[in-house]
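Single-structure report; data block below.
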Amino acid sequence: MNYLNVEASQHEMRLIQMGAKVEQINSKMCYIKFVIDGVPVEYVYNLNKKNKYFLERIKPYPLAVKTYENVADLVEVINIDIKQFKNVVKSKNIESFLTINKELISTIKKFEDLFLYYNIPLEEVELLRNKISEIQQEIVKTKETAERVFFDKDPENLK
Amino acid sequence: MLQNPIFIALIIFILTYTAIISEKINRTVIALFGAVLMIIFQVLPQKRAFAIIDFNTIGLLIGMMIIVIILKKTGIFQYIAIKTAKASKGDPWKILLMFSIIAAIASALLDNVTTILLIAPVTLVITDTLKLNPFPFLFAEIFAANIGGTATLIGDPPNIMIGGATGLGFLDFVYNLAPVAIVVFIVTMVIMKFIFRKQFKVTEEDKKKMLEFDEHKTIQDKKLLIQSVIVLGITILGFILHQAFELESATVALFGAVLLLLTSKADPDEILMEIEWSTIFFFVGLFILVGALEEVGIIKVLAEKLITLTQGSMLVTSMLILWMSAIASAFVDNIPFVATMIPLIQNMQAISGVDVTPLWWSLALGACLGGNGTIVGASANVIAAGMLEKRGSKIGFVQYLKLAFPLMLVSIIISTIYLIVFYV
């Protein structure tokens, strides 16, 4: 605990000197691990008295899920997520699903580096935007023709 | 009561202390285990075991911990440290000296570990910025904290325990220990300047970076700062006056703590969570363990033996306690050592009828200053060494011993002269 306090104090001092307002909150960090048909599905969330629960899925691929204000919602989200993964692992497309997700995350990181490290010409920005739009349209189009397999909850991002 | 409680108490005590010294098992767990065994084996009944816990010491520790936890949230320590470093214009020796003075003063009012936990993070950020080896700074701060803590009733756990057991007040400690602590501090700093003289080289560019720190940014809640400083002031005033008002030191500390909790509107759950409960329960375990030895008469026998050994000479006894506590505290935790010595000295007074007050000062000086001798001598040393190790600059036991032990001996020689001249 002492070492943590010392580390936290050093970070706080450096960040304050950088112009930040730093608030340290005592909290519980919870790691949740499932193994579904050999595929590890893991989450991490933070319980604190500020009633903000930051849930993140860390395996099979990292994804910031949401900030919740009710701990019961948080468990329910994990419940739904696990049910969905149980469905997905039965699919013959599981490997492709995981690979595409990892590639999407890698694409986001490359995209961020591109904008943070380089000055991008406007026409290239437009080109990238169009490509992203194409992928999104393709996802929606596929949804229209594909068989729905999960009914416990409606999709939030495919409307 | 079992047939031979003396034998059972002695076995439990020796095994528990051996386990504490070995540091193989958590010290709090083993102290509580030993204490509970004393009750289970009927060395003393539970009611008596609970009654011998010194709640003045416990209350004082908890009260001061609460005040410090809230006070550190104000950023006042970062403010003072940055302001001082800037006033030193980036001169490493001046920074080391000023930070040591801050550590010594803070440690006289707070406990040593807290002082190191407050000053070390700022020191590490400053030394990183100046691209300096943090070891001389942390080393000097450890010494300063242990020396500063010697000067007051509330500065170091041994003094808190001595005060709790004897009724000696805040001013008694200041009058009798602060003068020698100041001399020890000055001599130690002079020697340190000589030891570390070749380690302080800083580029102008790094100095400029350090001078860009803005101390005003560290104060994030001015209202809390004002409240905390006022309450700390009231508490210190309370310590100065507590004997005049016939109040125990724990009452003063707990009043300050509760007043600050009330006025600051800090979340009590958050604050109470940060109290070092393992330290508090370690004390509880020790009080019961030592109380059990006293209950069965072992401490009285030891006191008689000590009086026989020293032939009742205050000079010999005082020197024996000073040097024995210094050497012991350099290698083992000074808290269990002092916990055992307190009833021993009390019994010596009861048997011989002599005023043993000088012996309390011998014990306090030996136990507090002795902790500087090795890397494991005091909790503050262990914490600072751990910080350095985490940053990849591990300090070995022998490496630390070579520097620290002679310095500690110097402080004990000064204490010896002080005690001989003024007390025996």
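- Environment of CD in E144(A): crowded, with over 12 heavy atoms of neighbouring residues, nucleotides or ligands closer than 6.0 Å.
- Contacts from residues 82-91 of chain A to chain B, taken as heavy-atom pairs separated by less than 4.5 Å, involve no residues at all.
- Of all residues spanning residues 11-21 of chain A, those with a heavy atom less than 4.5 Å away from chain B's heavy atoms are E12(A), M13(A), R14(A), I16(A), Q17(A), G19(A), A20(A), K21(A), arranged by number.
- We find the CG-OG distance between L124(B) and S9(A) to be 10.5 Å, quoted to the nearest 0.5 Å.
- The only member of L118(B), L117(B), I116(B) that meets side chain to side chain contact (heavy atoms under 4.5 Å, CB included) when paired with V6(A) is L117(B).
- Counting non-hydrogen atoms of other residues, nucleotides and ligands closer than 6.0 Å to CD of E126(A) gives a total above 12.
- Within 6.0 Å of the NZ atom in K94(B), the count of heavy atoms belonging to other residues, nucleotides or ligands does not exceed 12.
- Atom CZ of R129(A) has 12 or fewer neighbouring heavy atoms from other residues, nucleotides or ligands inside a 6.0 Å radius.
- Both the backbone and the side chain of E270(B) come within contact range of chain A, judged by heavy atoms closer than 4.5 Å.
- Enclosure of atom NZ in K153(A) by more than 12 non-hydrogen atoms of other residues, nucleotides or ligands within 6.0 angstrom is indicated.
- Enclosure of atom CZ in F97(A) by more than 12 non-hydrogen atoms of other residues, nucleotides or ligands within 6.0 angstrom is indicated.
- Residue K72(B) touches chain A through its side chain alone, counting heavy-atom pairs closer than 4.5 Å.
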